[in-house]
Amino acid sequence: MKPKSVRLYKDRTCVIDMGENYTGFFEINLYNGKEGEEVTFEISDQLGQASSWNQKSKYIFGKSGKGKFQNRFNVAGGRWITVHGLKYQPKLYDVKGYVVTNDRKQISKFESSNTQLNQIYQVNLNTYLANTMDGILVDCPHRERRGWGEVTVAAMYGDALPNFESGAYMDQYLQYTRDAQLSDGQTRAVINEEDRPFLMWKANNPLTVWETYRMLGDKKVLEDNYKSMQKWMTWLYENSNYKTGGALKIGEQGKREMPGLGDWCTPRGNFWTSSNSPDAAHFNNCLYAFMLDNAMQIAETLGKEEDAKIYKERLKVQREATHKLSYNPETGKYLKGYQVDQAFALLSGVTPTSEKEKVEAQLVNNVLYDFPYYDTGSSGQALYTRFFTEYGERMDLIYELLQDKHHPSYGYFLEQGKTVWPERWSAVGNSQIHTCYTGIGGYFIKGFGGIRPNPESLGMQNMVIKPAPVGDLTFANTSYTSMYGNVVVNWEKEKEGATFHIEIPVNSSAKVYLPALNKEDITENGIAVEDASGIQYVGTEQSAAIGNYVIFNVTSGIYNFKVKELPKTQFPEPLNNVKNLAKLGRVNASSMFIQTEKLPVFEAFRVNDEDEETRWLATETKNQYLEIEWIKPQRLNTIVVDEYGKNISAYILQYWANGEWEDIVKGTSCGANKKHQFNVVETTKLRLFIVDAKKAPSINELRISLNSK
């Protein structure tokens, strides 16, 4: 790592900016000292702070008055190094940084037509590397350098296995989990710390054990960890209401008792009082069902038929009990119908076949209209990513969420100048190198590229290739190095159709899903696909995200498919007849006042929640905005702005047309429930632009409608 800048201040303090947050070593050539003089180095992960979590090192000059400081005895996490005790300003070439992480090669590549998507992919992997050391994934490299379980469940699936050589790593990590297993059978939530009574933190066995087998196909990982899994699953059975046809036993709400917390660090905030709440109970009941499903498959794979039968029966009871506890058949919602509530139930098989369509429709409606934000946190990420990538296969929805640039989103992190992910969606706080939002690496390789295990033949010798050319992406180039060789999937849209360059290694085969209307629209190297060698037609499959796939079995080789016309899809209309159109959109803001890092309180999404007790609050008085963006064009002619206080002194209401903002009306004062009526406009974006205000402006609600005059 080369530094970005060196600044010397009047007090002779020197600040070195390494350009990005990382975990590792720091070295600097030192001159002009006297024997016994001390130079102190403080390392911080945020600008304006000298030291994060007391990360500090010291150098003492010897007789020569020169030397090299190298903190090779310990790593530090940060970007800014504050140097005390130098008599001169160091040169950039005298400073170096070294990223330190576990020794694994990256085995993936991703590039697309969307620059932000490419940035998210790289920053996510950098975050994963910055938090991986000593054979474990830590929460952060300074405050919590311990093996936290819930982020590992997410990152092993999404980041490690699709992107890095991880066989030896998992062999060691799972040895640690077995060594740390508690005497009563529970898996430890944090490998090298006192235990935490939270189920997702303890779920690496069987979830990560099974995922390792899915990707690598080596039964050793199942055999090595089977007895440990049995003890753990027995503990869960004994702490469930299985014998009376019920789900897990739930501890007292607000107490640190099993199964404890549900999702954590979500956009809407979580506090310890959420432990064992109805939301957390549903979350953990779905998780236990998914764990039972994984345990059953492990037992079946190892030929342990009696064990598999036991897990299957427990799974049946757990699914039925969980569905009964949380489901509203009239609405198709589990509890409030949040994204995680719906996705977890679908992923774990809790949702009966008869209700799947309704539950899926509510999930889609939530993502597109009810709360169109990336609505999960560190523990929810573990299954959220699995659902949208492989199980629910809705990369079209994920693409919409990954394009956002405002809070809460990965794009917002980038807009705030983050070079690795922080701990909170607010992007502020005392841990700016954190694993809470890792786990998304699978979206790029397994999702957009479609390179993933074949459920009918696990391991990557007989793989699935199922690319997702969604949204306005025009191309994506992906690769993954399996144990058999390099797998390549490059696709590019061309007019109405697309090309797909696919490479399958020697001694491998693939089930290839091509987005197409029918097999007659597909050629390979210029000839009809059915006449090409090594290709066998299988059938078709409808897809909510893509429209339609035409399926082929292919042998190893290099293929150049051309599809004449891609299927066309469109998002559904809202499920409910909503009069306030603001309820259907994503709300973005120029700034927001942050009350606490965990829950800012004054987020933009407060202005369309129809709650007069909540509001958005800006941080500046001039040139602030609230913007509502819809997935589909809306017709409107009435806007009500409900200002908190009377601070706005100049504003403009605008709509998006032909790539620019057009004025609707200008005002000099607003206040409570200011109504604006105008000729009907049709648009995908509307903006309240606040030119000036006496104090930072605040809005309770925006109400938007199409009314007959």
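We're numbering straight along the sequence, starting at 1.
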Student: Find out whether the Lys NZ or Arg CZ of Arg268 is both under 6.0 angstrom from the six-membered ring centre of Phe371 and within 45° of the ring's axis.
Tutor: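 That pair qualifies as a cation-pi contact.
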
Student: Side-chain contact test, heavy atoms from C-beta onward, threshold under 4.5 Å: evaluate it for Thr435 versus Val138 and give yes or no.
Tutor: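 No - every pair of side-chain heavy atoms lies 4.5 Å or more apart.
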
Student: Between Trp425 and Phe413, is a ring pair (Phe, Tyr, Trp, His ring centres under 6.0 Å) present by the stated rule, with each step listed?
Tutor: CA-CA 8 Å; Trp425 283 117; Phe413 289 151; 5.2 Å; yes

Student: Got Tyr437 and Thr127 here, is their nearest side-chain heavy-atom distance under 4.5 Å?
Tutor: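 They are not in contact (no side-chain heavy atoms under 4.5 Å apart), so the answer is no.
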
Student: Would you say that Pro469 contacts Glu492 through its side chain, given a criterion of any heavy-atom pair below 4.5 Å between the two side chains?
Tutor: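 Pro469 vs Glu492: side chains apart.
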
Student: Give a yes-or-no answer on whether the side chains of Asn205 and Thr187 include a donor-acceptor pair shorter than 3.5 Å.
Tutor: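 There is no such pair (donor and acceptor under 3.5 Å, judged by atom type) between the side chains of Asn205 and Thr187.
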
Student: Between Arg424 and Glu597, is there a side-chain N and carboxylate O pair less than 4.0 Å apart?
Tutor: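 A salt bridge is present here (some side-chain N lies under 4.0 Å from a carboxylate O).
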
Student: Can you see whether Asn204 engages Thr177 through a side-chain donor-acceptor pair at a distance of less than 3.5 angstrom?
Tutor: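 Asn204 vs Thr177: no donor-acceptor pair found between side chains.
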
Student: Could you tell me whether the side chain of Asn21 and the main chain of Ile433 form a donor-acceptor pair under 3.5 Å?
Tutor: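 Judged by distance alone, no pair lies under 3.5 Å.
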
Student: For the side chain of His282 and the backbone of Asp341, is there at least one donor-acceptor N/O pair under 3.5 Å apart?
Tutor: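 Yes.
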
Student: Going through the checks in order, is the side chain to side chain donor-acceptor pair (under 3.5 Å) test met by Asp375 and Gln339?
Tutor: CA-CA 7 Å; Asp375 193 18; Gln339 293 175 29; 4.6 Å; no

Student: Does any N or O in the side chain of Thr101 come within less than 3.5 Å of the main-chain N or O of Leu129, such that one atom is a donor and the other an acceptor?
Tutor: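 Yes, Thr101 side chain to Leu129 backbone: donor-acceptor pair under 3.5 Å.
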
Student: Tell me, with the steps shown, if Asp293 and Arg319 meet salt bridge (charged side-chain N to carboxylate O under 4.0 Å, His left out).
Tutor: CA-CA 10 Å; Asp293 183 80; Arg319 283 171 168 170; 3.4 Å; yes

Student: For the pair Gln342 (side chain) and Gly332 (backbone), establish whether a donor and an acceptor sit closer than 3.5 Å, ignoring hydrogens and angles.
Tutor: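 Confirmed, Gln342 side chain pairs with Gly332 backbone.
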
Student: Does a sphere of radius 6.0 Å around NZ in Lys685 hold more than 12 heavy atoms from other residues, nucleotides or ligands, not counting ones at 6.0 Å or beyond?
Tutor: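 For Lys685, atom NZ is crowded (more than 12 foreign heavy atoms under 6.0 Å).
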
Student: Are any non-hydrogen side-chain atoms of Gln432 and Lys418 less than 4.5 angstrom apart?
Tutor: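 When only atoms from C-beta onward are counted, Lys418 and Gln432 do touch, with a gap below 4.5 Å.
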
Student: Check the pair Asp159 / Asn124 against side chain to side chain donor-acceptor pair (under 3.5 Å), numbers first and verdict last.
Tutor: CA-CA 8 Å; Asp159 302 329; Asn124 182 70; 2.8 Å; yes

Student: Has Lys493 got a side-chain atom pairing as donor or acceptor with Leu473's backbone, closer than 3.5 angstrom?
Tutor: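 Side chain of Lys493 to backbone of Leu473, a donor-acceptor pair under 3.5 Å: yes, one is there.
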
Student: Verify side chain to side chain donor-acceptor pair (under 3.5 Å) between Ser457 and Asn462, making sure each step is shown before the conclusion.
Tutor: CA-CA 6 Å; Ser457 178; Asn462 302 293; 3.2 Å; yes

Student: Count the heavy atoms belonging to other residues, nucleotides or ligands that lie under 6.0 Å from NZ of Lys568, then report whether that count exceeds 12.
Tutor: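 Atom NZ in Lys568 is packed in, count exceeds 12.
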
Student: Examine the side chains of Gln362 and Asn366 and answer whether a donor and an acceptor come within less than 3.5 Å of each other.
Tutor: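 Checked: Gln362/Asn366 side chains show no N/O donor-acceptor pair below 3.5 Å.
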
Student: Determine whether Tyr213 and Gln297 make a side-chain contact, defined as any pair of heavy atoms from C-beta on separated by less than 4.5 Å.
Tutor: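 In short, these two side chains do not touch, never coming nearer than 4.5 Å.
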
Student: Quick check: does any side chain N or O of Ser274 sit under 3.5 Å from a backbone N or O of Phe271, one acting as donor and the other as acceptor?
Tutor: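 Yes, because the side chain of Ser274 sits within donor-acceptor range (under 3.5 Å) of the backbone of Phe271.
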
Student: Is any side-chain N of the basic residue among Glu400 and Arg586 closer than 4.0 Å to the acidic one's carboxylate O?
Tutor: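 Looking at Arg586 together with Glu400, the answer is no, because their closest N to O distance does not fall below 4.0 Å.
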
Student: On a heavy-atom basis, which atom in Val350 and which in Ala289 lie closest, and how many Å separate them?
Tutor: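 Distance-wise, the nearest heavy atoms are CG2-CB, 4.1 Å.
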
Student: With a 3.5 Å cut-off and no angle check, do the side chains of Gln381 and Thr385 form a donor-acceptor pair?
Tutor: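 Distance-only check passes for Gln381 and Thr385.
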
Student: Tell me, do Tyr384 and Thr389 make a side-chain contact under 4.5 Å, heavy atoms counted?
Tutor: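 No, side chains not in contact.
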
Student: Would you check if Lys511 and Phe552 make a side-chain contact, meaning some heavy-atom pair closer than 4.5 Å?
Tutor: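 Of all side-chain heavy-atom pairs linking Phe552 with Lys511, none is under 4.5 Å.
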
Student: May I ask you to decide if Ser348's main-chain N or O and Tyr391's side chain share a donor-acceptor pair within less than 3.5 Å?
Tutor: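 No: the side chain of Tyr391 does not pair with the backbone of Ser348.
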
Student: At what distance, to the nearest 0.5 angstrom, does OH of Tyr311 lie from CG of Leu315?
Tutor: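 With rounding to 0.5 Å, OH (Tyr311) is 12.0 Å from CG (Leu315).
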
Student: Just by modelled atom types, is the Gly260 backbone N or O under 3.5 Å from a matching donor or acceptor in the Asn276 side chain?
Tutor: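 Here the side-chain-to-backbone pair exists.
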
Student: Does Met170 form a side chain to side chain contact (heavy atoms under 4.5 Å, CB included) with Leu216? I'd like the steps, not just the answer.
Tutor: CA-CA 11 Å; Met170 284 308 305; Leu216 302 181; over 6 Å; no

Student: Is it true that Asp263 and Thr376 share a donor-acceptor pair across their side chains at a distance under 3.5 Å?
Tutor: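 Their side chains do contain a donor-acceptor pair, which is all the 3.5 Å distance test asks for.
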
Student: Should Lys324 and Glu320 count as an ion pair when the cut-off is N to O under 4.0 Å?
Tutor: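 Here Lys324 does not pair with Glu320 in a salt bridge, since their nearest N and O are not under 4.0 Å apart.
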
Student: Using only atom types and a distance under 3.5 Å, with no angle test, would you say the side chain of Asn270 pairs donor to acceptor with the backbone of Thr266?
Tutor: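 Present.
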
Student: Can you tell me how far NZ of Lys583 sits from CD1 of Ile628, rounded to the nearest 0.5 angstrom?
Tutor: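 Ile628 atom CD1 to Lys583 atom NZ measures 11.0 Å (nearest 0.5 Å).
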
Student: Does the pair Asn126 and Gln122 meet the rule for a side chain to side chain donor-acceptor pair (under 3.5 Å), with working shown?
Tutor: CA-CA 6 Å; Asn126 290 348; Gln122 190 58 56; 3.0 Å; yes

Student: If we check ring-ring contact (aromatic ring centres under 6.0 Å, His included) with Phe110, which of these qualifies: Phe444, Phe475, Tyr480?
Tutor: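 Checked Phe444, Phe475, Tyr480 against Phe110; only one passes ring-ring contact (aromatic ring centres under 6.0 Å, His included): Phe444.
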
Student: Decide side chain to side chain contact (heavy atoms under 4.5 Å, CB included) for Met463 and Arg452; before the verdict, give the C-alpha distance in whole Å, the side-chain angles of both, and the deciding distance to 0.1 Å.
Tutor: CA-CA 6 Å; Met463 71 200 78; Arg452 63 180 82 151; over 6 Å; no

Student: Where do Lys632 and Glu573 land on the salt bridge (charged side-chain N to carboxylate O under 4.0 Å, His left out) test, with the steps shown first?
Tutor: CA-CA 8 Å; Lys632 291 189 171 188; Glu573 297 296 325; 3.0 Å; yes

Student: For Glu150, is there an ion pair with Arg196 - N to carboxylate O distance below 4.0 angstrom?
Tutor: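 No, this pair does not count.
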
Student: Is the NZ or CZ atom of Arg386 both under 6.0 Å from the centre of the six-membered ring of Phe290 and within 45° of that ring's axis?
Tutor: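 The answer is no, since Arg386 fails at least one limit relative to Phe290.
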
Student: With a cut-off of under 6.0 Å to the ring centre and 45° to the axis, is Arg394 in cation-pi contact with Phe388?
Tutor: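 Cation-pi check for Arg394 and Phe388: fails.
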
Student: Taking the six-membered ring for Trp, are His407 and Tyr412 closer than 6.0 Å centroid to centroid?
Tutor: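 Yes, ring centres under 6.0 Å apart.
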
Student: As an exercise, state the distance from OG1 of Thr115 to CD1 of Ile120, rounded to the nearest 0.5 Å.
Tutor: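 Those atoms lie 11.0 Å apart.
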
Student: Got a donor-acceptor contact below 3.5 angstrom from the Gln318 side chain to the Tyr288 backbone?
Tutor: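 Checking the backbone N and O of Tyr288 against the side chain of Gln318, no donor-acceptor pair under 3.5 Å is found.
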
Student: If you draw a 6.0 Å radius around NZ in Lys358, do more than 12 non-hydrogen atoms from other residues or ligands fall strictly inside?
Tutor: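 Above 12, so yes.
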
Student: Test Tyr334 against His323 for ring pair (Phe, Tyr, Trp, His ring centres under 6.0 Å), laying out the working first.
Tutor: CA-CA 8 Å; Tyr334 289 93; His323 179 71; 5.6 Å; yes

Student: Taking the six-membered ring of Tyr157 as reference, does the NZ or CZ atom of Lys446 fall below 6.0 Å from its centre and within a 45° cone about the axis?
Tutor: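 Judged by the rule, Lys446 and Tyr157 form a cation-pi pair.
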
Student: Does a side chain donor of either Ser108 or Asn163 reach within less than 3.5 Å of an acceptor in the other side chain?
Tutor: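 Indeed, the side chains of Ser108 and Asn163 share at least one donor-acceptor pair under 3.5 Å.
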
Student: Hey, which of Tyr443, Tyr121, Tyr374, Tyr373 is the one that makes ring-ring contact (aromatic ring centres under 6.0 Å, His included) with Tyr410?
Tutor: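 Of all the options given, the one that passes is Tyr374.
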
Student: Is the NZ or CZ atom of Lys466 positioned over Tyr513's six-membered ring, under 6.0 angstrom from the centre and within 45° of the axis?
Tutor: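 Satisfied, under 6.0 Å and within 45°.
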
Student: Given side chains that start at C-beta, do those of Asp472 and Tyr399 come closer than 4.5 Å, heavy atoms only?
Tutor: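 Side-chain contact under 4.5 Å: yes.
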
